[in-house]
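Everything below concerns the one structure shown next.
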2 protein chains.
Amino acid sequence: MADPLSRVFSALADPTRRDIVARLAVGDATVNELAAPYDVTVQAVSKHLRVLEDAGLVSRSREAQRRPVHLEAEVFDLMTKWIERYRRQAEERYRRLDDVLRAMPDADPPSPEGPTP
Amino acid sequence: MADPLSRVFSALADPTRRDIVARLAVGDATVNELAAPYDVTVQAVSKHLRVLEDAGLVSRSREAQRRPVHLEAEVFDLMTKWIERYRRQAEERYRRLDDVLRAMPDADPPSPEGPTP
DNA sequence: CGCTTGTTCAACCGTCGGGTTGACAACATC
DNA sequence: GATGTTGTCAACCCGACGGTTGAACAAGCG
């Protein structure tokens, strides 16, 4: 799973990881602090952070034996851009279809419904 | 994995599924049409569509023996809202931190770095 | 009716993801 | 140097996922 988009979407597909992101939006935190609210081991949270880091959503710096985790919000744009593109395209298509329906000459198109009976 | 957000993110974590969404943004299509560009079986694509449908990203109607697939773009909002929330929050935090740093009195805070030596 | 087309269901296989436990590295403090 | 704190690495378990094959169901058409 090499492509960045898959990594980001996949990273945020887990509720615990989304929770961690939510918490990090408030401020940086250490692994132990992040693990505290959950009933999983610290190792599990460390794994989650690795996934988030690989996705570019999070960065870890060294500060003595602590490793404060920091949210990197820029990667979000990758997703929003992708989403917006296809949302826009779908809406555009809808609009165009509407136009076609409006400008429809009353010839009988291959519509299976009611071809002007 | 009950929550809708996880389902949507998870659904879009697969490149094939994102591709299918991209194709459906252009217009509705049948399973066979969707499967054509890929070298996987039709059944595999059908499974992908089931995932997309469970996530609310796609709907299938019946039209004779065909089952045209239609993109439901509204669910995108779920994601964008989530993303925007935390992006905004992170930016807000950044801005506030900046203010704090700017308005910093030259007392010595518990910073482990250089406490104004 | 029998046949073809389009799609799904069921069973199976290999891999990945989230979780655990246990050991270990790095640093701080006594 | 011994001890404790913080975090990662490694091995393992189990359930979910993406894929396949083979059969079944549904709807039109000879």
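Note that the structure is a prediction, hence the values are computed from the model and not measured. Naming convention: chains lettered A, B, ... in sequence-line order (proteins, then strands); numbering from 1 in each chain.
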Checking C:dT20, C:dT8, C:dT7 against the side chain of A:K47 (C-beta onward), the nearest is C:dT20

With sequence neighbours excluded, what pairs up with B:E33 under the side-chain contact (heavy atoms from CB on, under 4.5 Å) test? B:R23, B:A29, B:T30

Report the nucleotide, chosen from C:dG6, D:dG18, D:dT8, that has the shortest atom-to-atom distance to any side-chain atom of A:R67. D:dT8

side-chain contact (heavy atoms from CB on, under 4.5 Å) involving B:S6 - partner list, sequence neighbours excluded: A:P15, A:R18, B:M1, B:D3

Among D:dG18, C:dG6, C:dG18, which is the nearest nucleotide to the side chain of A:V51? C:dG18

Determine the sole option in A:L49, A:V51, A:L71 for which the side-chain contact (heavy atoms from CB on, under 4.5 Å) test with A:I20 is passed. A:L49

A:R17 side-chain N/O to A:S10 backbone N/O, donor-acceptor pair under 3.5 Å: yes

Identify the heavy atoms of B:A55 and B:V75 that sit nearest to each other, and give their distance. O-CG1, 3.6 Å

Could you tell me whether the side chain of B:F76 reaches within less than 4.5 Å of the side chain of B:L57, counting heavy atoms only? yes

Rounded distance in Å - CG (A:D14) to P (D:dC17): 12 Å

Taking protein heavy atoms under 4.0 Å as touching, what does nucleotides 21-30 of chain C look like 5' to 3' if B marks base contact, S marks sugar-phosphate-only contact and - marks none? BB-----S--

Starting from C1' on C:dA10, measure out to CZ on B:R50 and report it in whole angstrom. 13 Å

To the nearest angstrom, the NE2-C1' distance between A:H48 and C:dG17 comes to 9 Å

Taking only the side-chain nitrogens and oxygens of A:R17, find out if one of them lies under 4.0 Å from OP1 or OP2 of C:dG18. yes

Distance test, side-chain N/O of A:S46 to OP1/OP2 of D:dG7, below 4.0 Å: no

Within the structure shown, what part of the strands sits under 4.0 Å from B:T30 by heavy-atom distance: base, sugar-phosphate, or nothing? sugar-phosphate

Atom CG of A:L49 and atom P of D:dT6: how far apart are they, to the nearest Å? 16 Å

From CZ of A:R60 across to P of D:dC9 the rounded distance in Å is 8 Å

Just N and O in the side chain of B:N32: are any of them under 4.0 Å from OP1 or OP2 of C:dT7? yes

Once you round it to whole Å, what is the distance between P of C:dG18 and CG of A:D54? 12 Å

A:R87 vs B:D77 side-chain heavy atoms within contact, under 4.5 Å: yes

Starting at atom CD of B:E63, determine the distance to atom P of D:dA27, rounded to an integer number of angstrom. 13 Å

Would you kindly give the CZ-to-P distance between B:F9 and D:dC17, to the nearest whole Å? 17 Å

